[in-house]
Amino acid sequence: MTRAYAQGFASQPNEINMDELPIIGQFPAWLNGSLIRNGPGQFEVGRTPIPHWFDGLAQLHRFTFADGRVGYGNRFIQSNAYFKDNQTGKINYRGFAVDPCRTMFQKAFATFFPAEPANNTVVNITRLEDEFIAMTEFPLTVRFDPQTLETLGILDYDDKLSAQTATAHPHYDFERRIGLNYMLRIGRKNEYQLYTLTSKKRTKIATIPVKAPSYIHSFGMTTRYLIIADYSFRLKSMLALAFGDKPFIQNFEWDDTQDSRFLVVDRHTGALVAEIPTDAFFAFHHINAYQADDDTLIVDISAYDDAQLIDQLYINALLHDDYPQVGQFRRYTLPLRGGRAMYAVLSDESIELPRINYTANNGRDYQFAYGASIQKGSQDFLNQIIKVDVKNRQTWIWRESGCYPSEPVFVPAPNAQSEDDGVLLVVVLDSQNTNSFLLILDAHTMTELGRVIVPQHIPFGFHGSFFEI
Ligand code: CO
């Protein structure tokens with residue numbers, strides 16, 4: 001039987017641009033600007049299926065709130081993969097879980113990452129000064145026009161940094177107006193690198209040698225530190241990655257005989273100030289982090305006991321096999337002067353695609369986190385939105401039958417009176433009506449204010465942000 005959420009993994013070839021969509025209910029008059037989101041819009045090239053959710057061809061979506069109306073547009077990113085894979089009906093570039101077939105001759109003459117990576121920047125978007133960029137886990141980023149969603153080209157950095165992977169989850173320092181990100185350099189010596197970035201330039205902050213690097217999707221930041229959670233999901237062999245037949249992610253292996261650890265780096269000096277072991281775990285997303293006192297950091301993560309989730313996110317598995325796990329809301333306490341990191345679970349509900357009031361609270365003590373989740377006991381895909389009060393350990397839920405929400409993006413009210421004074425914007429697949437809508441929730445009460453009806457479905461995406469444009 002076809003699963004109710006299957007449409008979320010079906011391509012959306014139709015690029016539209018509408019000035020006004022029907023609204024049920026209402027949204028606050030102060031909400032002016034655009035939610036821009038990224039995610040896959042196409043799951044096959046010719047007759048070749050794209051096997052993993054993370055490799056679908058990138059499509060941008062824009063909801064613009066202005067003068068009481070909401071417009072919508074969607075457009076594919078014009079990547080090398082989008083052109084050549086569609087032209088040839090096969091996969092031509094290296095992605096997350098895809099790799100083009102190469103001849104022995106090509107491999108023999110190749111150096112690291114011989115297959116050219118796809119600039120299929122499907123994971124996230126961000127703004128650096130006036131540039132809007134789409135990102136994936138290769139360091140390549142693609143510039144786009146936030147009004148038309150038109151692809152403008154690759155963002156070329158004028159620096160000497162080079163690495164094989166990065167995260168699509170840079171942090172942002174609002175005081176210094178710079179981004180901060182992580183890269184992995186694989187070579188004779190493997191290195192984790194942390195760096196600042198603007199739209200023009202990247203500057204290295206820290207280099208941490210690592211024997212067997214782990215797969216790292218995001219990292220944590222406090223006002224003083226950057227925190228890498230170094231999972232027990234590690235690169236087996238550099239040589240296999242370079243010359244083997246396996247796609248990128250299949251070169252990593254879960255090994256829970258080894259501890260995981262937290263690497264704590266001073267943001268300003270680049271010094272590695274602590275390496276703190278903890279029991280083996282895995283995660284994609286950090287939620288928030290802050291310094292509790294001189295000796296203690298708090299690191300909140302959507303965490304897993306192992307890395308099985310990566311295999312559960314192959315599209316075939318999502319549609320036919322076991323339902324995917326969803327992370328546990330863990331609060332790790334990191335002793336900076338020795339000892340192991342321990343965790344407590346802050347909610348009975350699962351959490352993924354977590355968001356907070358980032359502008360006000362990232363890196364600082366905070367009270368509320370939001371995320372997508374699967375109803376306890378249900379055999380299903382992400383089917384609810386949660387809000388967690390991390391101080392009082394209380395959870396609120398929004399859920400509607402047949403509806404599949406994505407990441408909830410928090411937009412603060414102007415002159416907000418509290419941390420949760422604002423709205424959550426959530427793209428939801430309505431499996432009964434076979435289309436999507438944009439849900440507007442009051443973030444304080446978690447009740448619906450309104451919904452904006454999209455005339456077609458939006459495939460399940462990853463990340464996005466709201467901009468006052
Ligand atoms: Co992510």
Side-chain angles (χ1 to χ4, degrees), residues 8-9 35-41 52-56 58-61 77 95-97 118 120-127 133-142 165-172 179-184 214-221 226-229 231 233 248-249 252 281-289 299-304 307 309-315 318 324-330 350-356 358 362 369-374 381-382 385-386 405-410 425-427 458-466:
F9 297 103
L35 172 73
I36 302 177
R37 292 191 51 76
N38 202 344
H52 201 280
W53 186 19
F54 294 2
D55 286 314
Q59 190 174 67
L60 295 171
H61 303 266
I77 290 179
F96 178 80
N120 175 37
T121 47
V122 67
V123 183
N124 200 357
I125 51 128
T126 196
R127 178 184 191 165
I133 58 172
M135 292 167 290
T136 183
E137 305 203 303
F138 297 126
L140 284 168
T141 55
V142 168
T165 73
T167 84
H169 287 283
H171 276 289
Y172 197 76
L180 297 103
N181 205 358
Y182 152 96
M183 296 196 295
L184 166 62
S214 134
Y215 166 71
I216 288 164
H217 181 85
S218 69
F219 59 100
M221 181 170 93
L226 298 171
I227 300 141
I228 296 172
Y231 312 113
F233 183 58
F248 167 74
I249 197 63
F252 290 79
F281 81 109
F282 176 72
F284 285 109
H285 296 116
H286 284 247
I287 301 170
N288 198 6
V299 180
D300 291 349
I301 297 190
S302 162
Y304 299 81
L309 179 62
I310 287 173
D311 288 339
Q312 294 170 346
L313 298 182
Y314 282 90
I315 291 164
L318 284 162
Q325 300 169 290
V326 185
Q328 189 174 46
F329 197 135
R330 289 189 192 165
S350 57
I351 187 164
E352 250 306 340
L353 304 167
R355 299 297 290 244
I356 58 168
Y358 190 89
N362 185 55
Y370 313 89
S373 172
I374 295 182
F381 192 62
L382 298 167
I385 292 295
I386 62 162
S406 57
E407 170 194 60
V409 175
F410 178 81
L425 300 180
V426 194
V427 171
I458 297 177
F460 292 136
F462 303 118
H463 304 291
S465 283
F466 188 83

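Note that these values count all heavy atoms, side chains included, but never hydrogens, waters or copies made by symmetry. Ligands are counted one by one from 1 in listed order, and the atoms in each one are counted from 1 as well.
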Check the orientation of Phe381 and Phe460. Use parallel for under 30°, tilted for 30 to 60°, and perpendicular for over 60°. tilted
Atoms named by residue and atom, protein N, O or S, within reach of the Co ion (ligand 1) (under 2.8 Å): His169 NE2, His217 NE2, His285 NE2, His463 NE2
Rounded to the nearest 0.5 angstrom, the CZ-CG distance for Phe96 and Asn120 is 13.0 Å
Is a donor on one side and an acceptor on the other found under 3.5 Å between the side chain of Ser350 and the backbone of Ile374? yes
Hydrogens and angles aside, do His169 and His286 bring a side-chain donor and acceptor to less than 3.5 Å of each other? no
Which label fits Phe248 and Tyr215: parallel for a plane angle under 30°, tilted from 30 to 60°, or perpendicular past 60°? perpendicular
Ignoring hydrogens and geometry beyond distance, is a side-chain donor-acceptor pair present between Thr136 and Thr121 at under 3.5 Å? no
